[in-house]
Amino acid sequence: MKDKKNIYLLYAISFLQGLVFYGPVATLYRQAAGVSVLQITVIESISLALCIALEMPWGLVADRIGYRKTMIITWGIYFISKVVFWKADGFGLFLLERLLLSVVMAGMSGCDLSILYLSCREEESQQVFGIYQSLGMAGLLFASLFYSVFIGGNYRLAGFLTMAAYGVAAVLVFGLFEVKEPEKEKKSSMHFFHTFLDVVKDRYFLLGMVGITLLEETNQTITVFLNQLQYVKCGMEPKTMGYVFIIVTLSGIAGGMWSCRLNKKMGIFPFTVALFLCGGISCLVLFQTRNGLLSVLSIILLRLASSLFGPLKARLQNCRVTSADRATVLSIYAVVGEACGTGTNLIFGKAAAVDLTYAMLWGSLLCTAGGVLFVISHLKMDQNN
């Protein structure tokens with residue numbers, strides 16, 4: 001019963017976390033507050049660099065004090081970060097908001113998924129992860145619709161409502177039950193070193209995770225930040241962007257819900273190759289077109305590819321963990337991904353500052369490289385097995 005309560009609470013928290021009412025105009029919100037696109041990508045890279053520094057220490061702390069306490073601490077900081085975002089004006093405060101968010105992401109990394117994984121049967125995990133991801137997208141969908149109908153150009157109201165939703169989520173976290181007994185004895189640094197070595201030795205699995213990360217980072221940068229610039233280039237009005245954002249969010253919900261079913265039907269190798277191809281093709285279309293409809297369809301395809309991958313990646317990582325230090329191992333996986341994101345974000349920002357089409361071309365190259373790395377990983381792991 002406690003396990004089911006954990007799952008349902010995390011579902012509710014995921015929905016509330018998706019209530020980002022400024023989502024359809026996230027870039028325009030920042031620009032209106034005096035932050036350029038290049039500064040946005042610089043902030044993202046600094047944020048990822050801090051995440052890298054904090055991931056493994058947070059993982060060790062989570063395994064020691066328990067996942068519930070870690071979630072309570074990080075969600076408290078999460079709420080504070082949204083207060084800062086609501087009031088932010090200029091580069092400094094937006095950087096502060098992102099630094100707080102780095103602390104949160106590093107702390108939560110693996111904790112929420114570990115609670116879900118340990119609260120359900122292993123064979124159900126991809127489906128549970130898919131519902132968890134889709135509910136976050138459903139929250140974003142509701143927020144986007146609310147923005148388009150009621151908020152319009154009032155960016156600060158969107159920031160305030162987002163802060164309120166995160167405050168409610170921070171309260172719900174207190175209802176979680178612990179699924180892992182806190183460690184009574186402090187483990188030596190050598191224990192962590194051996195855990196780290198065990199993960200690093202699994203180099204072909206890590207190679208596949210890097211490949212997935214390249215697709216995810218492309219999706220994050222293009223569908224969250226650069227999409228609005230693409231729409232402006234196509235002559236789209238801000239209000240229309242809100243409705244487009246709703247459609248794109250629906251594709252994210254569909255991806256989370258269909259991931260398990262399509263993976264079982266197609267098989268993991270054809271399924272993943274198709275997703276990398278979809279990501280690469282969508283970026284190539286964005287590189288070449290100024291047509292609004294083609295741009296929207298390409299953004300949808302990219303979001304769908306990434307969201308279909310999300311639950312599968314979570315299942316693959318959790319199934320790969322054999323150590324009792326689950327949060328530590330998942331944090332190491334996250335460090336690998338964030339290290340990739342730090343570099344790709346900077347290149348995206350510099351490319352977009354010169355010409356938006358260069359950024360889209362870079363996205364296509366990343367998806368292609370990611371697909372190659374994942375194929376190599378899959379083939380090598382099959383040989384070793």
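All of these numbers come straight from a predicted model, not from anything done at the bench. Counting from 1, the numbers follow the sequence of the chain as shown.
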Practice item. Starting from the C-alpha separation in whole Å, work towards a yes-or-no answer on side-chain hydrogen bond (donor to acceptor under 3.5 Å, both in side chains) for T328 and T195. Key: CA-CA 8 Å; T328 302; T195 301; over 6 Å; no
Check: R30 side chain, A26 main-chain N or O, donor-acceptor pair, under 3.5 Å:
yes
Rounding to 0.5 Å, atoms CD1 (I212) and OG (S377) come to a distance of 8.0 Å
### Query
Can you check whether T27's main-chain N or O pairs, donor with acceptor, with Q228's side chain at less than 3.5 Å?
yes
Practice task
Please answer whether the main-chain N or O of Y67 pairs with a side-chain N or O of E178 as donor and acceptor at a distance below 3.5 Å.
Solution key: yes
request  = Answer yes if the side chains of T223 and R303 hold a donor-acceptor pair under 3.5 Å, and no otherwise.
outcome  = yes
**S36 side chain to Q31 side chain, donor-acceptor N/O pair below 3.5 angstrom** = no
Only one of W86, Y155, F160, Y29 passes ring pair (Phe, Tyr, Trp, His ring centres under 6.0 Å) with Y22, and that residue is Y29
request  = Tell me, please, whether F205 has R320 positioned over its six-membered ring: NZ or CZ under 6.0 Å from the ring centre and within 45 degrees of its axis?
outcome  = yes
Note to self: Under a 3.5 Å cutoff, is there a donor and acceptor pairing between the side chains of S259 and Q126?
What the structure shows: yes
message: If you define the side chain from C-beta out and look only at heavy atoms, does anything of K350 sit under 4.5 Å from T41?
response: no
**Prompt:** Are there more than 12 heavy atoms of other residues, nucleotides or ligands under 6.0 Å from atom CZ of R261?
**Reply:** no
**Prompt:** Relative to the ring of F374, is the ring of F276 parallel (under 30°), tilted (30 to 60°) or perpendicular (over 60°)?
**Reply:** tilted
Validation: residues 161-174 side-chain donor-acceptor distances under 3.5 Å, sequence neighbours left out:
unit_1, atom_1, unit_2, atom_2, d
T162, OG1, F21, N, 2.9
T162, OG1, A158, O, 2.8
Y166, OH, Q17, O, 2.5

